[in-house]
Amino acid sequence: MTAKTPQAIRGTQDIFGAEAEAFAFVVETFERVRKLYRFRRVEMPVFERTEVFGRAIGETTDVVSKEMYSFEDRGGESLTLRPEFTAGMARAYLTNGWRQHAPVKLATHGPLFRYERPQKGRYRQFHQLDAEIVGAAEPQADVELLALADQLLRELGIEGVTLQLNTLGDAGSREAWRAALVGHFRGVAGELSEDSRERLEKNPLRILDSKDPRDRRFVADAPKIDRFLSDEALRFFESVTTGLDAAGVKWARAESLVRGLDYYRHTAFEFVPDEGSAAAAALGSQSTVLGGGRYDGLMESLGGPPTPAVGWAAGIERLAMLVDCEKRGLDLAIVVESDNRIWQGFAANSAIRDAGFSSELIASGSAKKRFDKAVKLNPKGILTLTASGDGTDFKISGNDELVNQVIEKMATRGRHVTKSIK
RNA sequence: GCGAUCGUAGCUCAGUCGGUUAGAGCGCCGGUUUGUGGUACCGGAGGUCGCGGGUUCGGAUCCCGUCGAUCGCCCCA
């Protein structure tokens with residue numbers, strides 16, 4: 001008789017209660033702030049041809065070969081659930097001719113999918129906020145984008161998080177730096193961790209953010225990007241930092257902050273909890289709360305014209321863990337003491353909600369239990385439709401200011417129940 | 001892909017040197033008291049102790065496997 005209940009897919013989550021409220025608060029705040037900055041809302045498909053992500057991200061990486069949620073449709077086409085917003089947005093920009101709007105500020109949010117092992121703050125289906133400025137080569141775009149991020153975090157009430165900022169320079173600077181790093185680490189390869197010896201071949205920049213203490217010693221005196229920056233790249237970075245200072249956005253230089261993918265240029269950044277902060281404790285080892293950078297090389301990899309762009313994404317779940325949103329409580333509980341007054345209860349409920357107050361009707365169990373239930377909801381006031389008397393009287397108690405407002409508003413609505421309210 | 005920890009009531013958990021009918025709190029349902037009352041009191045329902053195998057006279061407890069969860073490593077778009 002009892003069939004087995006199917007289980008949720010690994011790495012998916014059902015969000016409810018306080019967490020769901022926090023999640024909604026993050027999204028609502030993002031929507032509000034993004035409008036202040038005149039970022040335009042876009043909606044995009046949740047899945048694309050695998051190629052869209054494969055070409056954007058780089059076919060060779062683990063990311064594409066192992067960590068995307070890909071499958072074949074009935075026509076044998078390889079599709080992928082979007083693992084990020086940027087590639088799909090770039091595709092949309094190209095296929096819809098959004099060049100005509102360039103430079104264009106875009107914002108979106110929604111679910112993303114990665115085929116990974118779940119851990120704290122990392123799920124297979126997760127949710128991000130995303131903001132991009134496409135078609136703007138100027139450092140002012142980076143500044144505006146970061147100002148948006150900074151204001152968002154402030155309006156969410158998140159503290160103890162700092163903008164870590166770095167530059168990867170232009171393509172030439174980046175290559176020279178990379179070569180110098182390989183030279184540096186190759187010299188001490190025997191003393192590096194196994195993982196980093198591997199990275200030396202595949203992704204040398206990543207050695208810089210290794211967690212292994214054996215590597216950290218050599219990271220400290222590794223060559224710095226600044227030595228390899230072209231004049232132009234240096235000027236760009238200086239414009240970004242002076243712009244941030246002018247806009248009142250606090251930042252810290254993070255010389256080891258890198259991006260794994262080759263299409264990144266110039267600005268790279270992450271908002272990371274300060275060591276020892278409450279935010280750091282809440283997030284565990286997956287602690288970056290918002291990250292992004294400039295990806296001037298991406299559009300070309302999708303067959304488009306050279307198009308400068310800069311953007312960021314932020315995990316909604318992670319932000320929600322840092323948010324302290326006091327839930328708006330219940331205004332009025334309506335206790336219907338006797339079942340023959342239940343229709344008056346419905347009428348009162350409608351009138352109260354029409355007047356803009358939240359309410360909850362309680363009409364089961366004994367009269368005493370109904371009252372107890374009402375009390376447990378912790379409302380600002382309780383409206384009781386009594387069982388005794390002539391069947392029309394009621395009591396209302398609680399926060400005086402609220403009670404008076406309710407009575408006044410209900411009176412002006414000419415609701416049937418209002419007649420019995422003095 | 002690798003590692004560690006953990007799976008007992010709807011929820012949070014107790015219970016394991018192996019031993020009669022497996023417990024608490026919360027929640028749910030019912031009743032009592034009170035009689036317009038601030039969360040009382042009493043009672044009830046609800047568990048093949050994740051699943052499968054093994055050792056044993058006897059397994060929630062020990063062993064193996066499996067599934068799931070959590071946290072971390074790798075990776076991080």
Side-chain angles (χ1 to χ4, degrees), chain A residues 2 4-13 16-17 48 52-69 80-90 112-124 126 128 130 132 193-199 202-203 205-207 209-212 257-264 268 270 283-288 291-293 295 298 301 311-315 318 333 335 337-338 362 364-379 381-389 393-398:
Chain A
T2 43
K4 247 184 205 149
T5 304
Q7 290 177 309
I9 303 298
R10 179 201 291 273
T12 62
Q13 29 172 1
F16 175 75
E48 300 270 359
V52 170
F53 306 111
R55 285 169 60 180
I57 293 166
E59 305 284 358
T60 59
T61 58
D62 275 21
V63 165
V64 168
S65 53
K66 314 211 81 152
E67 291 161 23
M68 295 202 312
Y69 233 116
T80 294
L81 300 178
R82 63 183 180 196
E84 60 160 29
F85 284 112
T86 308
M89 199 176 274
L112 300 170
F113 305 82
R114 295 179 185 177
Y115 199 88
E116 295 184 294
R117 196 166 191 101
Q119 55 182 292
K120 191 180 182 74
R122 281 181 95 162
Y123 303 92
R124 286 188 170 182
F126 57 104
Q128 286 188 342
D130 187 270
E132 317 268 349
S193 67
E194 300 75 25
D195 284 334
S196 283
R197 260 174 267 160
E198 185 91 3
R199 291 183 181 114
K202 285 162 58 180
N203 202 350
L205 300 200
R206 279 285 162 195
I207 299 175
D209 46 29
S210 168
K211 290 164 188 163
D212 196 306
L257 177 65
V258 295
R259 293 276 90 122
L261 304 183
D262 286 339
Y263 60 63
Y264 281 99
E270 289 178 4
L283 290 175
S285 71
Q286 303 299 328
S287 62
T288 297
Y295 52 94
L298 174 62
S301 69
W312 56 249
R318 289 189 200 172
V335 176
E337 279 201 343
S338 163
I362 295 145
S364 72
S366 66
K368 170 65 177 175
K369 281 209 198 308
R370 292 180 189 195
F371 188 81
D372 286 345
K373 280 182 191 170
V375 169
K376 281 186 184 175
L377 291 174
N378 197 26
I382 296 177
L383 174 67
T384 310
L385 302 175
T386 56
S388 53
D393 51 332
F394 66 96
K395 290 177 69 80
I396 183 164
S397 64

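Per chain, numbering begins at 1; letters A, B, ... match sequence-line order.
Using a 4.0 Å heavy-atom cutoff across all strands shown, K120(A) reaches sugar-phosphate atoms only and no base atom. Backbone-only engagement by Y264(A) is indicated by non-hydrogen atom pairs under 4.0 Å involving sugar-phosphate atoms exclusively. When heavy atoms are screened at a 4.0 angstrom cut-off, E198(A) is found touching no nucleic acid atom at all. If you check every strand for non-hydrogen atoms under 4.0 Å, R82(A) touches nothing. Residue contacts shown for R10(A) are limited to sugar-phosphate atoms, with no base heavy atom under 4.0 Å away.
At least one side-chain heavy atom of T86(A) sits under 4.5 Å from a side-chain heavy atom of L298(A). Between Q13(A) and P118(A), every side-chain heavy-atom pair lies at or beyond the 4.5 Å cut-off.
Spacing between atom OH of Y115(A) and atom C1' of A77(B) amounts to 19 Å, rounded to whole angstrom units. Atoms CG (D372(A)) and C1' (G35(B)) sit 13 Å apart, rounded to a whole Å. Distance L283(A) CG to G72(B) P: 10 Å, rounded to the nearest Å. Atoms CZ (R124(A)) and C1' (C76(B)) sit 15 Å apart, rounded to a whole Å. Atom-to-atom, CD of E67(A) to C1' of C75(B) comes out at 5 Å; the value is rounded to the nearest Å. In this structure, Q286(A) places its CD atom 8 Å from C1' of C76(B), rounding to the nearest Å. Per the geometry, CG belonging to D209(A) stands 9 Å off P belonging to A77(B), to the nearest Å. Here the C1' atom of nucleotide C76(B) and the CG atom of N203(A) are 10 Å apart, to the nearest Å.
R318(A) places a side-chain N or O within donor-acceptor distance of the main-chain N or O of T288(A), the cut-off being under 3.5 Å. A donor-acceptor distance shorter than 3.5 angstrom exists from the side chain of R114(A) to the backbone of P83(A), with no hydrogens or angles considered.
Between A77(B), G37(B), U39(B), one nucleotide has an atom nearer to the side chain of K376(A) than all others, and that is U39(B). Checked against G68(B), C75(B), A77(B), the side chain of R206(A) finds its nearest nucleotide in A77(B). Comparing U70(B), C76(B), A77(B) by their closest approach to the side chain of K211(A) singles out C76(B).
In this structure, G23(B) forms a base pair with C13(B), meeting either the Watson-Crick or the G-U wobble geometry with both donor-acceptor distances under 3.5 Å. Pairing for G37(B) is absent, with no Watson-Crick or G-U wobble pair whose two atom distances lie under 3.5 Å. Within the shown strands, G72(B) is the pairing partner of C2(B) under the Watson-Crick or G-U definition, both distances less than 3.5 Å. Base-pair partner of G30(B): C42(B) (Watson-Crick or G-U wobble, both distances under 3.5 Å). Nucleotide G58(B) forms no Watson-Crick or G-U wobble pair with any nucleotide shown, as no partner meets the under 3.5 Å limit on both distances.
Nucleotides U39(B) and C26(B) have their C1' atoms positioned 13 Å apart, rounded to a whole Å. For U32(B) and A69(B), the C1' atoms lie 43 Å apart once the distance is rounded to whole Å. Straight-line distance between the C1' atoms of A24(B) and G3(B): roughly 35 Å, to the nearest whole Å. Using atom C1' as the reference point in both C42(B) and C6(B), the two lie 38 Å apart (nearest Å).
Contact of R122(A) with C71(B) (side chain to base): no donor-acceptor pair of N or O atoms is detected under 3.5 Å.
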(request) Please lay out, stage by stage, how E67(A) and E116(A) fare under the test side-chain contact (heavy atoms from CB on, under 4.5 Å). (result) CA-CA 6 Å; E67(A) 291 161 23; E116(A) 295 184 294; 3.9 Å; yes
